[in-house]
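Everything below concerns the one structure shown next.
Each chain gets a letter, A, B and so on, in the order the sequences are listed, and its residues count up from 1.
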Amino acid sequence: MSIESLIQKGTVEGMKSLYGADLPENQVQVQNTRKDFEGDITVVVFPFLRYSKKGPEQTAEDLGKYLVENIETVENFNVIKGFLNLEISQNYWLGVLKSSFANSEFGLKPVTDDSELVMVEYSSPNTNKPLHLGHIRNNLLGFSISEILKANGKKVVMTNIVNDRGIHICKSMYAWKQWGNGETPESIGMKGDHLVGKYYVEFDKHYKAEVAELVEKGVSKEEAENQAPSIIAARELLRKWEAKDEETVELWKMMNNWVYAGFDVTYKTLGVGFDKIYYESDTYLIGKEEVLRGLEEGTFTRREDNSVWADLTGDGLDQKILLRSDGTSVYMTQDIGTAKMRFNDYSIDKMVYVVGNEQNYHFQVLAILLDKLGFSWGKDLYHFSYGMVELPSGKMKSREGTVVDADDLVDNMVEVAREMSADLGKLDSLTGDDAENTFKMIALGALKYFILKVDPRKNMMFNPEESIDFNGNTGPFIQYTYARIKSVLRKAADQNITIDENVTVESISSKEKDLVKRISLFPAAVEEAGDNYSPAIIANYCYELVKEFNQFYHDHTILGEADESVKNFRLVLASAVGQVVQTGMGLLGVEMPERM
RNA sequence: GCUCCGGUAGCUCAGUUGGAUAGAGCAACUGCCUUCUAAGCAGUAGGUCAUGGGUUCGAAUCCCGUCCGGAGUACCA
């Protein structure tokens with residue numbers, strides 16, 4: 001049992017025994033004592049005054065005495081106003097340290113056969129352009145939240161729904177046919193996703209010019225946008241694709257494969273992956289079937305123009321279109337189909353969608369529609385809604401070229417990491433691949449931490465003019481601390497020092513105790529991160545831990561310590577911090593270098 | 001218009017179910033490398049927690065109003 005719940009229980013019993021009060025356990029506020037005060041754990045007694053009928057100091061005094069007498073690990077107490085600060089025995093803290101030492105499972109809950117199965121959908125790219133910074137946030141959050149759910153004892157299936165069909169890819173296809181001169185990724189040495197994206201932009205350029213030309217001839221803007229030859233041609237391609245025209249389907253396959261090859265490189269760089277990939281071209285027809293079934297069953301209605309609608313006014317929402325008047329499906333239809341297919345494939349207990357907050361409404365509607373269609377799991381789907389990444393110039397828009405490309409960004413960061421290492425004269429001893437891998441590790445560490453440390457629900461600002469920091473509250477700061485720990489441990493091994501997890505020390509300094517206390521909070525941080533779907537909680541925990549370690553490292557020598565038992569304690573402590581940081585940052589998908 | 005989300009130091013962000021004197025990093029200024037890695041440590045300075053009310057022993061946190069910003073809002077995904 002954790003020390004917190006031990007004290008909670010003790011407090012309830014104490015209130016009963018002292019004042020005959022029946023206090024519900026959740027009314028007991030137990031928190032970590034603030035640094036400026038003596039003690040380890042604090043109980044706030046203000047809520048108890050109505051039971052004790054005494055002043056806050058007296059109540060705290062009574063309760064303090066009771067807890068010291070009745071709970072072994074509580075050794076002493078002091079009272080300041082309504083705050084009862086308890087001192088916990090050193091042995092308790094050393095016990096925590098021992099359980100975290102050399103234990104890569106510390107803080108994690110085991111996954112068992114009975115564990116809930118959670119499917120996490122993330123990434124979900126369109127296949128007409130390369131990934132950008134917004135996708136990076138999505139991918140990092142999706143991957144990290146999956147790891148965090150696993151750490152909380154869930155079975156997780158990571159999945160990706162690739163939006164591989166529709167007018168957007170037809171635009172790239174048309175432009176490539178028209179102006180591509182048979183270019184391929186190999187022929188011009190460009191990543192496939194970038195090549196296809198190039199023709200998406202090319203399409204837009206021609207399209208805009210055509211519209212402008214028509215408008216000049218006196219055609220209304222709206223009409224011009226519908227009549228421009230390019231858009232007509234792209235629509236024709238979409239129609240041919242739906243009719244399974246061989247040539248069109250071949251072109252579609254070829255260009256999509258270019259994109260997938262490109263995405264794979266980016267995914268690999270980011271260190272993310274999937275257990276199962278769905279393609280919208282496989283699911284949209286299922287969605288249509290489901291909608292038609294709903295129509296037959298009277299859940300949905302058909303209008304005079306042949307379009308199919310859901311009436312959500314009973315749920316406080318509007319009417320929602322599910323099939324267009326020409327019978328084609330919309331985004332919502334496809335998501336219904338995908339959901340059905342997934343639940344056929346897996347016995348999913350919970351479905352999590354990692355999708356931006358601009359689609360809050362969409363998922364609200366999806367949950368209701370699935371429920372109406374009779375899928376019992378519909379209501380329980382969880383939309384992990386994250387905020388946008390904003391640039392100083394405003395929002396990113398693909399077509400307006402105001403995007404930060406994912407591959408470019410990573411390349412830049414690796415370059416910065418390389419220059420920085422050279423400036424600092426680090427890693428001169430490392431050669432070729434080892435050095436290069438470390439640069440990548442640092443660059444990705446900086447990027448991932450930068451993105452994951454902020455509350456996922458909030459919009460965040462990214463300024464491409466200022467490169468991401470490597471000092472202060474950053475990924476490299478944490479990696480650096482880890483590398484230092486590893487360095488000390490290597491030196492200890494060189495001196496043939498064996499580290500004994502059974503620590504015996506007379507007393508430990510306050511900095512050391514702070515560190516052990518911080519380690520003891522890791523399991524709670526993992527749990528909280530899981531409950532709140534927030535990698536940021538893990539990121540901030542790791543930062544606090546490492547910051548505390550650096551203070552300790554600065555003030556105390558480890559290998560230079562003369563007292564053998566103290567030296568051993570500090571080695572166990574350093575090692576445990578390294579272990580926890582590695583586990584924690586691992587939940588963020590950040591790797592830790594042995595040296596940097 | 002309506003719905004949802006946000007507003008904390010010059011900038012980027014933390015701040016657990018309401019608790020003690022609101023915290024970090026960056027930027028600025030000052031110290032600390034013959035000692036386990038200075039990508040570090042210590043310090044100075046920087047706040048009307050958008051704003052006005054309310055709830056209470058206690059509010060950055062909960063409720064209401066106002067202002068500002070963002071997103072969504074029936075045939076784009």
Side-chain angles (χ1 to χ4, degrees), chain A residues 26-27 29 31-34 36-37 42 44-47 49-50 56 80-83 85 124 126 128 163 166-168 280 303 305 307-310 312 316-326 328-332 334-335 356-362 364-365 385 387-388 390 394-395 417 420-421 423-424 426 442 446 450 453-455 457-463 466 469-481 483-492 524-525 528 531-532 536-537 539-540 543-544 547 550-551 553-561 570 574 595-596:
Chain A
N26 61 17
Q27 274 211 18
Q29 288 182 56
Q31 50 194 257
N32 299 299
T33 305
R34 292 180 60 132
D36 333 304
F37 300 94
T42 295
V44 185
V45 302
F46 288 111
L49 304 186
R50 45 191 280 245
I80 297 172
K81 292 195 277 185
F83 299 93
N85 301 322
S124 312
N126 290 355
N128 61 328
N163 186 7
I167 192 71
H168 53 275
E280 209 183 89
R303 287 194 184 166
D305 66 0
S307 54
V308 177
W309 293 76
L312 304 177
L317 303 176
D318 285 325
Q319 310 271 327
K320 179 73 197 173
I321 189 161
L322 298 173
L323 289 177
R324 296 193 189 93
S325 42
D326 64 2
T328 55
S329 63
V330 296
Y331 180 34
M332 187 60 75
Q334 291 139 26
D335 258 0
N357 62 12
E358 54 197 353
Q359 290 182 36
N360 286 352
Y361 184 73
H362 174 82
Q364 202 184 339
V365 171
S385 162
M388 300 291 99
E390 287 164 356
K395 216 190 147 186
M420 193 133 181
S421 296
D423 284 353
L424 294 170
K426 307 264 178 173
I442 295 168
F450 177 82
K453 79 171 172 184
V454 325
D455 184 336
R457 278 159 274 274
K458 290 189 181 173
N459 288 356
M460 65 179 293
M461 177 62 72
F462 175 79
N463 188 346
E466 306 164 11
D469 275 324
F470 285 67
N471 297 318
N473 185 358
T474 67
F477 169 81
I478 295 171
Q479 291 171 317
Y480 174 71
T481 307
R484 272 173 150 187
I485 291 171
K486 285 293 164 176
S487 174
V488 171
L489 294 176
R490 274 195 302 273
K491 290 211 161 75
E528 199 189 338
D531 291 347
N532 294 301
I537 289 170
N540 288 314
Y543 175 66
E544 297 293 337
K547 196 173 161 56
N550 281 332
Q551 293 167 3
Y553 181 88
H554 185 264
D555 293 354
H556 302 82
T557 177
I558 300 173
L559 296 171
E561 172 60 41
R570 289 183 184 159
R595 55 189 90 216
M596 70 182 269

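Pairing each heavy atom of A:S385 with each of A:G356, the nearest pair is OG-C, 4.4 Å.
Considering only side-chain N and O atoms, A:Q551 lies under 4.0 angstrom from the phosphate OP1 or OP2 of B:A42.
Residue A:N357 places no side-chain atom within donor-acceptor reach of the base of B:C4, judged by atom type and a 3.5 Å distance cut-off alone.
In the set B:G40, B:A14, B:A77, the nucleotide with an atom closest to the side chain of A:N540 is B:A14. Counting only heavy atoms from C-beta on, A:N550 has its side chain closest to B:G40 among B:A77, B:G40, B:A14. For A:Y553, the listed nucleotide lying nearest its side chain is B:A38; candidates were B:A39, B:G40, B:A38. Of the candidates B:A39, B:A74, B:C13, the closest approach to any side-chain atom of A:M460 belongs to B:C13. When distances run from any side-chain atom of A:A483 to the nucleotides B:A77, B:C41, B:U37, the shortest one goes to B:U37. Closest contact between the side chain of A:S325 and the listed nucleotides B:A39, B:C41, B:C75 involves B:C75. Among B:A14, B:C75, B:U73, the nucleotide with an atom closest to any side-chain atom of A:W309 is B:C75. Nearest to the side-chain atoms of A:I558 among the listed nucleotides B:C36, B:A74, B:A20 stands B:C36. In the set B:A39, B:U73, B:A14, the nucleotide with an atom closest to the side chain of A:K458 is B:A14. Residue A:Y361 has its side chain nearest to B:G72 when only B:G40, B:C13, B:G72 are considered.
In this structure, CZ of A:R324 is placed 6 Å from C1' of B:C75, rounded to the nearest angstrom.
The ring of A:Y480 does not lie on top of the base of B:G40; it is either too far (5.5 Å or more) or too tilted (30° or more). Stacking between A:F83 and B:A20 is present: the aromatic ring centre lies within less than 5.5 angstrom of the base six-membered ring centre, and the two planes differ by under 30 degrees. A distance cut-off of 5.5 Å between ring centres, combined with a plane angle under 30°, places A:F46 in a stacking arrangement with the base of B:G19.
Looking at which nucleotide of RNA chain B each of A:P47 and A:A417 is closest to, the 5′-most match is held by A:P47. Taking the nucleotide of RNA chain B with the nearest heavy atom to each of A:N126 and A:Q31, the more 5' of the two is matched to A:Q31.
Checked against the 6.0 Å centroid threshold, A:F470 and A:Y480 do not count as a close aromatic pair.
An anti base is found at B:C11: its glycosidic angle is more than 90° from 0.
Taking the charged nitrogens against the carboxylate oxygens, A:D326 and A:R324 have no contact shorter than 4.0 Å, which rules out a salt bridge.
Contacts of A:S385 with the nucleic acid, taken as non-hydrogen atoms under 4.0 Å apart, are absent.
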